[in-house]
**Student:** 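The structure is given below, and queries will be raised subsequently.
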Amino acid sequence: MLKVLTAAVLVASAVLVPTAQATPDWHVGTPPLTTPWTDDVSPTNALPEYPRPQLTRPEWRNLNGLWEWAPAAIDEQLPFGRTLDEKVLVPYPIESALSGLQKHEDRMWYRRTFQVPDNWKGQRLVLHFGAVDYDAKVWVNGRQVATHRGGYDGFDVDVTNALHAKGPQELIVWAEDLTDETYQPIGKQREVGDHGIFYQGSSGIWRTVWMEPVNAASISRLQITPDLPNQTLKVTADTSGPTGLDVEVTAYDGRRQVGQVKGKADAELRLKIPNPKTWSPANPFLYDLKVKLFDRGKMVDQIGSYAGMRSVGLQKGADGKLRMALNGRILFNLSTLDQGFWPDGLNTAPTDAALRFDLEQHKRLGFNTVRKHIKVEPDRWYYWADKLGLMVWQDMPASKTDAMPEPWRTQFRSELHEMVEEHKSFTSITVWVPFNEGWGEWDRTETGAIADSVKAQDPSRLVNAHSGVNCCNSHGDSGRGDLLDYHAYLGPATTAPTSDRAAVDGEHGGFGLKVPDHMWFGDGSAYEMEPDSATLTRRYVENQTDVLRSAQQCGISGSVYTQITDVEGELNGFFTYDRRVPKMDFAQVRTINQRIIDKADGSGTGAPDPGPGTPGADGIHFYPLDGSGEDAVGNNDATLQGGAGYGPGKNGQGLALNGSGQHADTGAALLDTSKNYTASAWVKLNKADGSFQTFVSQDGDRDSAFFLQYSGQDQRFAMSFPGIRALSPTKPNPGQWYHVTGVRDVVKGELKLYVDGQLVAAKSACTLDSSSTGNTVIGRAKFGGNPVDFLDGTIDQVHLYDRALTDAEVQSLYESGR
């Protein structure tokens with residue numbers, strides 16, 4: 001948080017008089033959708049609440065309301081003393097309807113006047129900017145008093161030296177926001193939304209602007225960290241002004257004093273709280289704090305605050321798997337993905353009641369956690385999470401999806417650590433998330449180093465180095481942080497914990513429903529669309545039942561369902577984007593959610609006994625693919641589809657496919673995919689480019705249960721589940737025969753890949769392993785309900801086993817040439 005401090009004494013006068021506060025030529029815009037709070041917003045009540053709940057003083061003035069506004073050009077002269085042509089309602093971003101402008105400009109001027117109350121005379125005057133997106137400069141009475149870069153953190157400036165002795169004071173703010181033209185951290189914002197997962201951006205002032213009087217010596221920040229095992233609150237009162245001051249911190253349970261400590265300011269004090277009441281989602285108890293600052297025995301400042309006593313960590317369950325814990329007990333983190341966008345205010349909630357609404361609905365639905373997705377909210381959002389009892393996974397806003405170049409990497413690190421610094425006293429935040437799905441990530445080792453730096457900055461919380469490490473632009477698992485986080489749509493993810501990291505599902509679900517007259521674009525999509533609310537509710541309950549199974553069998557200790565509300569073209573919310581229509585039966589939602597929290601307690605159930613399987617070298621099915629009409633163990637041969645035919649194979653003939661719809665269908669589900677199995681084949685690729693090609697798979701309801709394949713994304717052979725791949729280390733050569741074998745071992749929770757008889761990859765892959773009832777197929781896969789990944793090449797000698805072959809058995813099969 002930027003602070004510019006000067007040395008003059010404030011000379012104050014009169015009362016607050018904003019520029020043109022009653023000007024009749026301003027009106028709210030017309031958003032495609034309104035919320036229940038849209039009509040509550042006006043120039044006289046734009047977010048009037050005290051914006052900093054963890055450091056309160058009684059004297060302050062809100063500077064929200066109507067400001068003059070105009071677009072700006074590079075190097076344009078400061079419009080000092082000049083009325084600007086348009087009006088904007090601060091703090092709503094200019095692209096929003098609530099701002100009254102509803103348009104984008106890369107650069108802009110804001111202007112207003114204010115007067116300082118007479119009773120503030122003799123004190124310093126500090127202006128507070130909650131957030132300006134993205135680069136900001138501030139002038140008071142024509143004198144530049146601040147510059148700031150960063151769209152999600154606040155900055156303060158002591159403007160005392162720039163004030164006139166009396167009369168109106170002129171305040172001008174310049175803002176530049178190039179959004180996705182640069183690599184600045186923007187989260188889901190884009191200058192133009194894509195009707196998909198990226199939304200209309202927000203520019204300029206988007207959080208409360210306010211001012212307050214302080215003494216020359218004052219408390220500027222309060223850092224609070226609970227130390228539950230030692231029944232202590234660690235408290236540091238950072239100060240501005242002279243050094244060597246004294247501080248007194250007192251904790252209250254209601255009106256009853258429960259602890260007090262005295263010591264030096266700007267140093268960590270330990271406030272003992274005997275037999276503390278702990279904070280949790282079930283009982284979000286908060287202690288009130290009073291902090292007094294003394295200069296040679298004279299009190300020069302006093303602030304109010306609050307804190308919760310809780311601990312965050314990892315703990316082994318009865319099944320020996322590492323899980324997330326709160327206050328020394330395993331507690332499943334059941335969360336939604338919360339984007340924090342609004343149809344009327346975009347980045348800014350229309351009112352404080354609206355800001356609170358989304359969190360209240362999490363509690364109503366039975367969730368105990370919120371993943372604040374690549375956005376940072378105003379302080380009052382975290383205050384409500386503290387008060388209502390919701391754990392928060394706090395994401396760092398991502399830049400664009402491709403790798404950040406310098407100097408944006410340095411800027412990203414700076415804004416990340418500032419985000420942690422500004423928010424590390426909020427009780428509700430339990431997890432920091434530096435990266436999402438590789439967006440902006442430039443180096444896997446550097447990702448690990450960044451996670452380590454956040455942990456060093458705040459060792460009291462967990463660090464999720466990379467949510468969705470299996471997805472999208474990810475450079476792979478750095479091995480750092482406290483959590484291993486996979487995304488799986490529809491999912492859930494079935495990640496298994498390691499010896500030092502708990503496993504979580506960072507995103508899953510995404511079931512959608514269209515609600516006429518409540519869609520931003522009049523239409524939209526989701527990962528799976530449903531015809532009605534009853535079906536949507538049923539699919540949610542089924543999906544969450546699988547979350548519980550994943551928790552019990554695989555050991556995930558957190559899950560994030562997408563999402564709490566629709567957002568623009570995404571129609572997968574519990575509510576429509578305007579928050580007017582609930583889309584599911586909330587009673588059923590709450591019941592299954594409470595069941596997960598109650599039952600995902602670390603006791604575990606383990607994997608089912610797979611049995612020994614059928615002995616024999618050929619397996620339960622062997623397809624020579626020589627056109628004989630039968631496989632080698634007496635079953636009907638696979639039926640050729642799409643004009644597939646035979647050609648020269650590894651042994652005699654093989655199945656020659658052209659990569660365009662041709663494959664072979666066995667006509668049955670040949671493998672029980674809830675148990676151990678092995679699939680093996682000789683394959684020769686015609687090409688090895690960026691296209692996926694699957695050799696053997698078995699259809700599930702939506703996706704194949706497994707894929708023995710060439711992964712086009714990685715350009716290597718793979719044995720895969722959706723989102724999980726055991727990959728060979730090298731790229732295969734087109735025109736060369738390879739023996740490729742995939743093994744599923746449910747007891748070890750592994751996928752293994754063998755190439756030419758050698759084990760080349762093993763991947764931890766606990767899954768729910770439900771037995772797929774679709775047919776086993778040769779030469780294609782199924783994904784998203786569609787046939788995909790057709791083989792362009794020749795396949796021969798397909799073996800299927802109902803057991804996990806050993807290394808020696810795979811080597812023997814390869815050497816046999818069958």
Side-chain angles (χ1 to χ4, degrees), residues 28-41 92-93 95-99 102 188-190 192-202 336-367 370 373 375 377 381 489-490 507 509-541 543 561-590:
V28 69
T30 304
L33 295 172
T34 64
T35 71
W37 306 275
T38 303
D39 292 341
D40 295 337
V41 177
Y92 302 101
E95 293 86 350
S96 73
L98 291 179
S99 73
Q102 214 166 357
K188 285 293 193 80
Q189 297 184 67
R190 296 295 184 269
V192 179
D194 68 351
H195 288 223
I197 67 170
F198 298 111
Y199 320 133
Q200 171 63 61
S202 293
T336 78
L337 201 68
D338 188 334
Q339 314 274 7
F341 279 71
W342 299 82
D344 46 11
L346 300 181
N347 245 15
T348 306
T351 69
D352 192 60
L355 195 71
R356 175 174 175 162
F357 174 85
D358 281 3
L359 295 172
E360 288 177 321
Q361 299 314 303
H362 281 82
K363 297 292 288 188
R364 176 186 176 190
L365 290 162
F367 291 97
V370 182
H373 191 37
K375 184 193 175 192
E377 294 286 0
W381 188 91
Y489 289 102
L490 301 161
E507 293 180 29
F511 300 100
L513 177 66
K514 296 181 180 181
V515 181
D517 301 323
H518 295 274
M519 294 180 286
W520 178 258
F521 298 116
D523 200 358
S525 62
Y527 291 94
E528 179 182 296
M529 295 300 296
E530 312 302 343
D532 50 50
S533 177
T535 306
L536 179 65
T537 302
R538 175 179 60 79
R539 290 294 288 127
Y540 176 81
V541 171
N543 192 252
Y561 180 81
T562 302
Q563 58 189 330
I564 184 63
T565 74
D566 295 350
V567 186
E568 295 195 3
E570 293 187 38
L571 303 182
N572 45 19
F574 288 101
F575 284 89
T576 52
Y577 191 23
D578 56 13
R579 277 76 166 175
R580 293 184 184 274
V581 182
K583 298 168 73 173
M584 297 188 202
D585 180 342
F586 283 6
Q588 293 187 54
V589 170
R590 182 175 179 85

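Side-chain atoms are counted along with the backbone in the values below, which use heavy atoms only and exclude waters and symmetry mates. These numbers were taken from a predicted model, which means no experiment stands behind them.
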**Student:** Only counting residues at least two apart or in another chain, list the ones meeting side-chain contact (heavy atoms from CB on, under 4.5 Å) with D517.
**Tutor:** none
**Student:** Roughly how far, to the nearest 0.5 Å, is the CG atom of L33 from the CG atom of D578?
**Tutor:** 5.0 Å
**Student:** Between P343 and P31, what is the shortest heavy-atom contact and its length?
**Tutor:** O-CB, 3.5 Å
**Student:** Can a donor-acceptor pair be found, under 3.5 Å and without considering hydrogens, that links the side chain of R580 to the backbone of T34?
**Tutor:** yes
**Student:** Go through the structure and list residues passing side-chain contact (heavy atoms from CB on, under 4.5 Å) with M519, not counting sequence neighbours.
**Tutor:**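 M519 satisfies side-chain contact (heavy atoms from CB on, under 4.5 Å) with K514, L571 only.
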**Student:** Check L513 against M529 and note the closest heavy-atom contact, atom names and distance.
**Tutor:**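 Shortest heavy-atom contact: N-CE, 3.7 Å.
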**Student:** Determine, step by step, whether D358 and W342 satisfy the side chain to side chain contact (heavy atoms under 4.5 Å, CB included) criterion, reporting the C-alpha distance in whole Å, the side-chain angles of both residues, the deciding distance to 0.1 Å, and the verdict.
**Tutor:** CA-CA 11 Å; D358 281 3; W342 299 82; 3.7 Å; yes
**Student:** Evaluate the side-chain proximity of L365 to I564: yes if any heavy-atom separation is below 4.5 Å, no if none is.
**Tutor:**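 The answer is yes, as the side chains (C-beta and beyond) meet within the 4.5 Å cut-off.
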**Student:** If the condition is salt bridge (charged side-chain N to carboxylate O under 4.0 Å, His left out), which residues does E570 pass it with, not counting sequence neighbours?
**Tutor:**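 If we apply the salt bridge (charged side-chain N to carboxylate O under 4.0 Å, His left out) test to E570, skipping adjacent residues, the hits are K188.
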**Student:** Could you pull out all residues at least two apart from V28 that satisfy side-chain contact (heavy atoms from CB on, under 4.5 Å)?
**Tutor:** W26, L98
**Student:** Taking salt bridge (charged side-chain N to carboxylate O under 4.0 Å, His left out) as the definition, give me every residue that meets it alongside R538, ordered by chain and number, with sequence neighbours left out.
**Tutor:**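 With sequence neighbours excluded, R538 shows a salt bridge (charged side-chain N to carboxylate O under 4.0 Å, His left out) to E542, given in chain and number order.
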**Student:** With side chain to side chain contact (heavy atoms under 4.5 Å, CB included) as the test, would you mind laying out the steps for T35 and F357 before giving the verdict?
**Tutor:** CA-CA 11 Å; T35 71; F357 174 85; over 6 Å; no
**Student:** From M584 CE over to L536 CG, what is the distance, rounded to the nearest 0.5 angstrom?
**Tutor:**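 The distance works out to 4.0 Å.
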**Student:** Determine, stepwise, if the pair H373 / Q563 fulfils side chain to side chain contact (heavy atoms under 4.5 Å, CB included).
**Tutor:** CA-CA 10 Å; H373 191 37; Q563 58 189 330; over 6 Å; no
**Student:** What class does the angle between the rings of Y561 and F511 fall in, given that below 30° is parallel, 30 to 60° is tilted and above 60° is perpendicular?
**Tutor:**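 Geometry flag for F511 against Y561: parallel rings.
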**Student:** Under the rule for ring pair (Phe, Tyr, Trp, His ring centres under 6.0 Å), what residues qualify as partners of Y199, not counting sequence neighbours?
**Tutor:** F341
**Student:** Once rounded to the nearest 0.5 Å, what's the spacing between atom OG1 of T562 and atom CZ of F574?
**Tutor:** 9.5 Å
**Student:** With R190, which residues qualify under salt bridge (charged side-chain N to carboxylate O under 4.0 Å, His left out), at least two apart?
**Tutor:** none
**Student:** Taking Q200's backbone N and O only, do any of them form a donor-acceptor pair with E568's side chain (distance below 3.5 Å, no angle check)?
**Tutor:**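 Yes; at least one donor-acceptor contact below 3.5 Å.
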**Student:** Please name all residues satisfying salt bridge (charged side-chain N to carboxylate O under 4.0 Å, His left out) with E377, sequence neighbours left out, ordered by chain then number.
**Tutor:** K372, K375
**Student:** R590: which residues meet the side-chain hydrogen bond (donor to acceptor under 3.5 Å, both in side chains) condition with it, sequence neighbours left out?
**Tutor:** none
**Student:** Show the nearest heavy-atom pair for residues T537 and D585, with the distance to one decimal.
**Tutor:** OG1-N, 3.0 Å
**Student:** Tell me, please, which residues at least two apart from D566 pass side-chain hydrogen bond (donor to acceptor under 3.5 Å, both in side chains).
**Tutor:** K583
**Student:** Using every non-hydrogen atom in the two residues, find where N347 and P93 come nearest and quote the distance to one decimal.
**Tutor:**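 Taking every non-hydrogen atom into account, N-CG, 4.2 Å.
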**Student:** With side chain to side chain contact (heavy atoms under 4.5 Å, CB included) as the criterion, how do Q339 and T565 come out once you've worked through the C-alpha distance, each side chain's angles and the decisive distance to 0.1 Å?
**Tutor:** CA-CA 8 Å; Q339 314 274 7; T565 74; over 6 Å; no
**Student:** For a quick check under 3.5 Å, do T351 and D40 share a side-chain donor-acceptor pair by atom type?
**Tutor:** no
**Student:** Determine, step by step, whether F575 and F586 satisfy the ring-ring contact (aromatic ring centres under 6.0 Å, His included) criterion, reporting the C-alpha distance in whole Å, the side-chain angles of both residues, the deciding distance to 0.1 Å, and the verdict.
**Tutor:** CA-CA 11 Å; F575 284 89; F586 283 6; 5.3 Å; yes
**Student:** Quick check: closest heavy atoms across Y92 and P350, and the distance to 0.1 Å?
**Tutor:** OH-O, 2.6 Å
**Student:** Go through the structure and list residues passing side-chain contact (heavy atoms from CB on, under 4.5 Å) with Y527, not counting sequence neighbours.
**Tutor:** Y489, L490, N572
**Student:** So, the side chain of T576 versus the backbone of V581: is there a donor-acceptor pair under 3.5 Å, distance only?
**Tutor:**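 Yes: the side chain of T576 pairs with the backbone of V581.
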**Student:** Among all residues two or more places apart in sequence or in another chain, which pass the side-chain hydrogen bond (donor to acceptor under 3.5 Å, both in side chains) test with T336?
**Tutor:** H362
**Student:** Between W37 and A353, what is the shortest heavy-atom contact and its length?
**Tutor:** NE1-CB, 3.9 Å
**Student:** Please confirm whether the backbone N or O of S202 pairs with a side-chain atom of Q189, one donor and one acceptor, at under 3.5 Å?
**Tutor:**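 Answer holds: yes.
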